[in-house]
Amino acid sequence: GGLTETQMHSLGYAVNEVAAEFGYSADVIAEGAVILSKAGLSIEEVNQSLEAMTMLAKANAMTFEQSAEITVFAVESFGYSYSQVPMLLDKIQVAAQSSILDVNDLQKAFAYAGSTADMTGIEFDQLISIMAVLSNRALEAGISARSVNKMFLDILDSIPQMQQWADSMGFAFDIVKD
């Protein structure tokens with residue numbers, strides 16, 4: 001990656017430190033560092049982000065690559081710096097814990113809504129809050145939608161009886177047509 005010897009030592013130290021702290025192999029962390037450098041992060045940005053991304057991956061049983069993708073997307077889409085990664089990932093973790101979404105769901109949602117949110121002035125905090133609230137409401141809406149669907153099916157099943165009742169009451173209309 002065009003690193004100087006000093007930068008290589010710095011990266012090696014950071015990789016070993018994070019691997020020892022979180023119980024990952026240094027190889028996995030080093031592969032993560034490669035993913036980050038391929039994403040265009042400088043050695044300083046990699047070192048600033050490595051620990052927080054490893055924590056996110058470990059806490060959510062996800063790969064380092066998934067953690068790196070959501071991190072890079074959040075930083076790049078919303079104009080944050082990599083020194084703010086711990087704060088960003090903490091907010092993502094809180095949103096995942098307080099909703100039915102997991103971090104992978106948030107990553108997918110960011111892919112759809114992130115750039116649009118940024119273009120329209122919706123901030124990162126607002127977007128993850130909206131996603132968390134809507135996900136919880138979507139669960140309720142799904143239950144409601146199934147109930148409404150069942151109601152419509154019941155209505156369709158009982159059209160002959162409804163028409164018979166309307167005819168017996170002297171109403172001059174066709175239930176299905178009108």
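Residue indices begin at 1 and follow the sequence shown.
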Just to verify, what does [X] make a salt bridge (Lys or Arg N to Asp or Glu O under 4.0 Å) with, not counting sequence neighbours?
X	result
Asp157	none
Asp167	none
Lys58	none

Identify the heavy atoms of [X] and [Y] that sit nearest to each other, and give their distance.
X	Y	result
Ile43	Gln7	CG2-NE2, 3.2 Å
Ala132	Ala95	CB-O, 4.1 Å
Val75	Val85	CG2-CG2, 3.8 Å
Met53	Ala68	SD-CA, 3.5 Å
Ser49	Tyr82	OG-CD2, 3.2 Å

Hey, could you give me each pair passing salt bridge (Lys or Arg N to Asp or Glu O under 4.0 Å) that has a residue in residues 39-50? Not counting sequence neighbours.
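Every candidate salt bridge (Lys or Arg N to Asp or Glu O under 4.0 Å) pair involving residues 39-50 fails, so no pair, neighbours aside, qualifies.
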Are side-chain heavy atoms of Met55 and Val18 found at a separation under 4.5 Å?
no
CZ of Phe78 to CD of Glu123, rounded to nearest 0.5 Å, is 9.0 Å
Could you tell me the separation between the CG atom of Leu50 and the CG atom of Leu11, rounded to the nearest 0.5 Å?
7.0 Å
Is there a path of hydrophobic side-chain contacts, each under 4.5 Å between heavy atoms of I/L/V/M/F/W/Y residues, joining Met87 to Val72?
yes
I'd like to check the ring-ring contact (aromatic ring centres under 6.0 Å, His included) partners of Tyr80; sequence neighbours left out, ordered by chain and number.
Phe124
Would a line drawn from the ring center of Phe22 to the ring center of Tyr24 be shorter than 6.0 Å?
no
Backbone N or O of Gly12 within a donor-acceptor pair of the Asn16 side chain at under 3.5 Å?
yes
Mind checking what makes side chain to side chain contact (heavy atoms under 4.5 Å, CB included) contact with Thr6, not counting sequence neighbours?
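So Thr6 forms a side chain to side chain contact (heavy atoms under 4.5 Å, CB included) with Thr4.
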